Amino acid sequence: MTTVGVPAGWPATEEEAAEQDRLRGRVVLDEPGPPPGTGHVTGVDVAYDDERDLVAAAAVVLDAATLAVVAETTAVGRISFPYVPGLLAFREIPTVRAALDALPCQPGLVVCDGYGLAHPRRFGLASHLGVLTGLPAIGVAKNPFTFTYDEPDPARGSTAPLLAGTEEVGRALRTRDGVKPVFVSVGHRVSLANALAHVLALTPRYRLPETTRRADALCRRALREAAGS
DNA sequence: GCGACAG
DNA sequence: ATCTTGTCGC
């Protein structure tokens, strides 16, 4: 486990929107991304303890073909930014990056808990993290945020456009028969078709990708251990 | 103007 | 995100 502080100059107010507009120009959308089922796939997630002002992040690398754990790291720090819808990246990225930097191997595709292009300014967490690290990244969210969608067919694999008005910003993807879909959007250097294929490959049994399930469990454990020492 | 709103 | 018991089911 590594410990992190807040990077000097890290934005602290809503001029963050301008920062997002600036970085958005560096998002790469014309690459297909790593082929599903090959190489590494890394899940990242964050847990908070408001009482103790602690934040814990985890990065879990899986073998894309077998979904076996290849490596995992955690990082703990102080909460440096409040939760503001649309500015989630500023709250989560510092600690997530510390966890990613501590990995002993290449992360491959990064799967984020949240959105990429599906964002008020088309620059959500997955896009932001992708641009800062240069890594291919996608977002898989549990809720539709402010977007709309029609219910996909009941069968696993079915999708429906995730819409911002008439603009498609991602897809509602059914990962389990008859279960609420997840909301997938492109982050950086990955096509939407490939992002969907990756998520299906990561959900052989549960609604949420194995990457996020593992990262979620690990950052919660790291938070408990940090709070109790 | 007020509420809603990824995690 | 987090607060929280039992309960139904594989």
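Sequence lines set the chain letters: A, B, ... in the order given, protein chains first and strands last, and positions in each chain run from 1. Note that the structure is a prediction, hence the values are computed from the model and not measured.
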Exercise. Can you name the residues that form a side-chain contact (heavy atoms from CB on, under 4.5 Å) with A:C112, not counting sequence neighbours?
Worked result: A:V44, A:V110, A:L125, A:A126, A:L129
Exercise. Can you give one letter per nucleotide of nucleotides 1-7 of chain B, going 5' to 3': B for a protein heavy atom under 4.0 Å from the base, S for sugar-phosphate only, - for none?
Worked result: ----BBB
Exercise. Can you tell which of A:L54, A:L100, A:V55 makes a side-chain contact (heavy atoms from CB on, under 4.5 Å) with A:T95?
Worked result: A:V55
For this session: Before accepting this row, confirm whether a basic side-chain N of the pair A:D30/A:R189 lies closer than 4.0 Å to the acidic partner's carboxylate O.
Result: no
Exercise. Is A:S185 reaching over with its side chain to a backbone N or O of A:G116, donor-acceptor style, under 3.5 angstrom?
Worked result: yes
For this session: Would you mind checking if A:R121 and A:E19 are paired as a salt bridge, meaning a charged N to carboxylate O distance below 4.0 Å?
Result: no
Exercise. Looking for any heavy atom pair under 4.0 Å, which part of the strands does A:R205 touch: base, sugar-phosphate only, or nothing?
Worked result: nothing
